[in-house]
Structure formats: structure tokens, C-alpha cells
Amino acid sequence: MSDFEGLDLQAVEDQMDEDSEGTGSNRVVLGVLDGSAPADQWIETIENGSVLVLNVEGDLNELAAGFARPVREAGGELMHFRGFLVVTPPGVSIDADLLE
């Protein structure tokens, strides 16, 4: 079984920018939140206008401690969903209405 079994990759890919540079808004970055990447890397990705979809491998509170507050203070959003942490930059909201 894949670690990404619950993630609808087609929906994520549909949101990706056709831009050949792959920078800025409309870019979705897939990654693994396991403590191996520095918090600054995730903050920089959000500051560049990208959305993060991170597979959480470990304690979410510990792993996100270095970047969650700066993201929120900048106006971004974070949501834990089915083993993934979705992190958006300012101006991009997470709509969870269909989860109810």
C-alpha cells in the first residue's frame, strides 16, 4: 500500500500551475513531514505562494512546531486531514465544508 493512498492526486495535480518555472501561486508542493527538512524550507515555500501537502510521519505538533506559528501569523492556514498536513499561504483558504 502507498503512503499516499487517501490522497486524491488527480485533484492536487489539477490545481498545479502549467507554468514551466513552477513557482508562485497555483503551485502545490508534495512532501513528507518527518523532521528531516528544516522549518525554514516549509516557511519559504509558503512565502513563495505555494500550497504544501505534507505526509505526516510522526508527532504532528512536534514536527510542525517550527513553522506553524509563522505561517498563521502571516495569514496562512494549516489543516490536518487523513494523515496529511495541508498548509496554504496568505490569501488561499482551506474549504472543509464538504467534510461535514
Side-chain angles (χ1 to χ4, degrees):
M1 280 189 171
S2 168
D3 288 339
F4 295 100
E5 182 177 318
L7 180 63
D8 183 355
L9 290 177
Q10 183 61 46
V12 172
E13 289 174 7
D14 289 345
Q15 295 298 313
M16 291 181 171
D17 189 4
E18 296 294 326
D19 183 344
S20 62
E21 293 180 26
T23 60
S25 61
N26 296 324
R27 182 171 179 235
V28 177
V29 177
L30 304 178
V32 177
L33 184 60
D34 61 3
S36 64
D40 290 344
Q41 176 182 333
W42 305 129
I43 293 169
E44 183 179 324
T45 302
I46 295 301
E47 287 175 343
N48 288 333
S50 298
V51 172
L52 287 170
V53 179
L54 302 173
N55 184 27
V56 179
E57 293 186 356
D59 182 86
L60 175 61
N61 291 327
E62 287 180 22
L63 295 170
F67 67 90
R69 180 171 290 176
V71 168
R72 283 193 185 113
E73 288 175 351
E77 294 186 26
L78 297 95
M79 178 179 278
H80 188 222
F81 177 68
R82 295 189 179 194
F84 294 90
L85 180 63
V86 179
V87 187
T88 62
V92 178
S93 63
I94 299 172
D95 183 348
D97 289 346
L98 297 176
L99 297 177
E100 296 176 359

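Note that the structure is a prediction, hence the values are computed from the model and not measured.
Side-chain polar atoms of Ser50 and Asn48 form no donor-acceptor pair below 3.5 angstrom.
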Which pairs would a plain distance check flag for residues 59-72, meaning a side-chain donor or acceptor within less than 3.5 Å of a matching protein atom at least two apart in sequence or in another chain?
residue: Asp59; atom: OD2; partner: Asn61; partner atom: N; Å: 3.2
residue: Asp59; atom: OD2; partner: Glu62; partner atom: N; Å: 2.8

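Remark: Thr88 pairs with Val51, Glu77, Val86, Val92, Ile94 by the side chain to side chain contact (heavy atoms under 4.5 Å, CB included) rule, at least two apart or across chains.
Residues Ile46 and Leu52 form a side-chain contact, since some pair of their non-hydrogen atoms from C-beta on lies under 4.5 Å apart. Within the 4.5 Å cutoff, side-chain heavy atoms of Leu78 are placed close to those of Leu85.
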Can Glu47 and Thr45 be said to form a side-chain contact (heavy atoms from CB on, under 4.5 Å), step by step? CA-CA 6 Å; Glu47 287 175 343; Thr45 302; over 6 Å; no
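Across all their heavy atoms, Val56 and Phe84 have their closest contact at CG2-C, 4.1 Å.
Note: Met79 CE to Leu99 CG = 6.5 Å, rounded to the nearest 0.5 Å.
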